[in-house]
Novice: 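Here's a structure for you.
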Amino acid sequence: MTVQQSGRRERKKAATRQKIADTALRLFLERGYEAVGIRDVAAEADVAVTTVFSHFASKEALVFEQDEDFEQRLTRAVTDRAPDEPIVPALRREILALVRHCTADSAAPVWRMIDASDALRRYDESMRLRHADALARAIAAEPGLTRSETAARTLARFAVDAYSLAREAPDPEAALDEIFPMIEAAWQAARPPRHT
């Protein structure tokens, strides 16, 4: 198979995934999340149910279709930052970008739907824990890190929680301005790991 064929196949796969996600979100917002099943989404998107599940592991995942992208953005904030840039400001910048994305006017109906569904709130919580774990691994893998794995995990949890708190705040940017100095202070106070 040529690179061109492979590229075309990947583009087609991505387009199908996006079509399914867009269709599902439209149906969920029109009819209500609980009222729409996977079969409804598949029929409306003109794909097989198995195709839906080959792209999304669950009905909840259809709502959070940018899950993997968000996780990658968080980890890249650490791994792709400039060599002389500290971790906390890099994380704050990316968290702010994610919060701005999720607090745009167009996102409000989606968050109202999430807040109204126990299943979606649980999925959101488990997703944030996964994001924090991935971020903690990226922080802990930093060359020359002088803090413990526990400190890396704590920083990751704080950063992901900062996203949630800011997203729910009346003034998200002001919330981050308040939260991140506390995160920075905690990170600075973290002790190097003990060697036994």
Novice: Nearest 0.5 Å, what's the CG-CD1 distance between L155 and I139?
Specialist: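 Reported value, rounded in 0.5 Å steps: 4.0 Å.
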Novice: Would you indicate whether the side-chain heavy atoms of M182 and F158 approach each other to under 4.5 Å?
Specialist: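 They are not in side-chain contact.
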Novice: Considering residues at least two apart in sequence or located in another chain, which fulfil the side-chain hydrogen bond (donor to acceptor under 3.5 Å, both in side chains) criterion with E125?
Specialist: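 Residues passing side-chain hydrogen bond (donor to acceptor under 3.5 Å, both in side chains) with E125: none at all.
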Novice: Using a cut-off of 6.0 Å, state whether more than 12 heavy atoms not belonging to E85 lie near its atom CD.
Specialist: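 Result for CD/E85: enclosed.
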Novice: Charged N to carboxylate O under 4.0 angstrom, E94 versus R81?
Specialist: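 Result for this pair is no, no salt bridge flagged.
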Novice: Is it true that R121 and D118 have a side-chain N and a carboxylate O under 4.0 angstrom from each other?
Specialist: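 Yes, this pair counts.
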Novice: Just wondering, do F70 and Y163 contact through their side chains at under 4.5 Å, heavy atoms?
Specialist: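 Counting from C-beta outward, Y163 and F70 do come under 4.5 Å.
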Novice: Per the side chain to side chain contact (heavy atoms under 4.5 Å, CB included) rule, which among T23, I20, L25, D22 passes with L62?
Specialist: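 Looking at T23, I20, L25, D22, the match for L62 under the side chain to side chain contact (heavy atoms under 4.5 Å, CB included) is I20.
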Novice: Are E60 and R122 ion-paired here, with the side-chain N under 4.0 Å from a carboxylate O?
Specialist: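 A salt bridge is absent here (no side-chain N lies under 4.0 Å from a carboxylate O).
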Novice: Output yes when R137 and D133 qualify as a salt bridge under the 4.0 Å nitrogen-oxygen rule, no when they do not.
Specialist: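 A salt bridge is absent here (no side-chain N lies under 4.0 Å from a carboxylate O).
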Novice: Would the distance check show the side chain of T103 and the main-chain N or O of V99 forming a donor-acceptor pair, the cut-off being under 3.5 Å?
Specialist: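 Pair found, side chain donor or acceptor close to backbone of V99.
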Novice: Decide yes or no for D171 and D177: does some side-chain heavy atom of the first lie under 4.5 Å from some side-chain heavy atom of the second?
Specialist: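 The answer is no, as the side chains (C-beta and beyond) never meet within the 4.5 Å cut-off.
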Novice: When you compare the side chain of F56 with that of I38, does any pair of heavy atoms fall below 4.5 Å?
Specialist: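 No. Closest side-chain heavy atoms not under 4.5 Å.
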Novice: Distance-only, no hydrogens or angles: does the D115 side chain make a donor-acceptor pair with backbone N or O of R112 under 3.5 Å?
Specialist: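 The answer is no, because no donor-acceptor pair under 3.5 Å joins these two groups.
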Novice: Does any N or O in the side chain of T75 come within less than 3.5 Å of the main-chain N or O of Q72, such that one atom is a donor and the other an acceptor?
Specialist: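 Yes, because the side chain of T75 sits within donor-acceptor range (under 3.5 Å) of the backbone of Q72.
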Novice: For the pair W111 (side chain) and C102 (backbone), establish whether a donor and an acceptor sit closer than 3.5 Å, ignoring hydrogens and angles.
Specialist: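 Judged by distance alone, yes, a pair lies under 3.5 Å.
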Novice: Only counting residues at least two apart or in another chain, list the ones meeting side-chain hydrogen bond (donor to acceptor under 3.5 Å, both in side chains) with D161.
Specialist: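 Residues passing side-chain hydrogen bond (donor to acceptor under 3.5 Å, both in side chains) with D161: none at all.
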Novice: With R100, which residues qualify under side-chain hydrogen bond (donor to acceptor under 3.5 Å, both in side chains), at least two apart?
Specialist: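 Only E173 meet the side-chain hydrogen bond (donor to acceptor under 3.5 Å, both in side chains) criterion with R100.
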Novice: Go through the structure and list residues passing side-chain hydrogen bond (donor to acceptor under 3.5 Å, both in side chains) with E44, not counting sequence neighbours.
Specialist: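 Counting only residues at least two positions away or on another chain, E44 forms a side-chain hydrogen bond (donor to acceptor under 3.5 Å, both in side chains) with R26.
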Novice: Does a sphere of radius 6.0 Å around CD in E178 hold more than 12 heavy atoms from other residues, nucleotides or ligands, not counting ones at 6.0 Å or beyond?
Specialist: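 12 or below, so no.
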Novice: So, Q188 and E184: side-chain donor and acceptor under 3.5 Å apart, yes or no?
Specialist: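 Indeed, the side chains of Q188 and E184 share at least one donor-acceptor pair under 3.5 Å.
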Novice: Roughly how far, to the nearest 0.5 Å, is CG of D67 from CG of D124?
Specialist: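 The CG atom of D67 is 9.5 Å from CG of D124, to the nearest 0.5 Å.
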Novice: Under the salt bridge (Lys or Arg N to Asp or Glu O under 4.0 Å) test, which residues partner R153, sequence neighbours left out?
Specialist: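 For R153 there are no salt bridge (Lys or Arg N to Asp or Glu O under 4.0 Å) partners, ignoring immediate neighbours.
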Novice: Centre of Y123's six-membered ring, under 6.0 Å away, within 45 degrees of the axis: is that where NZ or CZ of K59 sits?
Specialist: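 Verdict for Y123: no cation-pi partner in K59.
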Novice: Check whether any side-chain heavy atom of D40 sits under 4.5 Å from a side-chain heavy atom of R31, and report yes or no.
Specialist: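 Yes; the side chains approach each other to less than 4.5 Å.
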Novice: Check R73 with D80, please: is the shortest side-chain N to carboxylate O separation under 4.0 Å?
Specialist: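 Salt bridge between D80 and R73, a charged N being under 4.0 Å from a carboxylate O: no.
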Novice: Could you pull out all residues at least two apart from L165 that satisfy side-chain contact (heavy atoms from CB on, under 4.5 Å)?
Specialist: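 Partners of L165 under the side-chain contact (heavy atoms from CB on, under 4.5 Å) test: I179.
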Novice: Which pair of non-hydrogen atoms, one from E71 and one from A134, has the smallest distance, and what is that distance?
Specialist: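 Closest pair (atom of E71, atom of A134, distance): OE2-CB, 3.4 Å.
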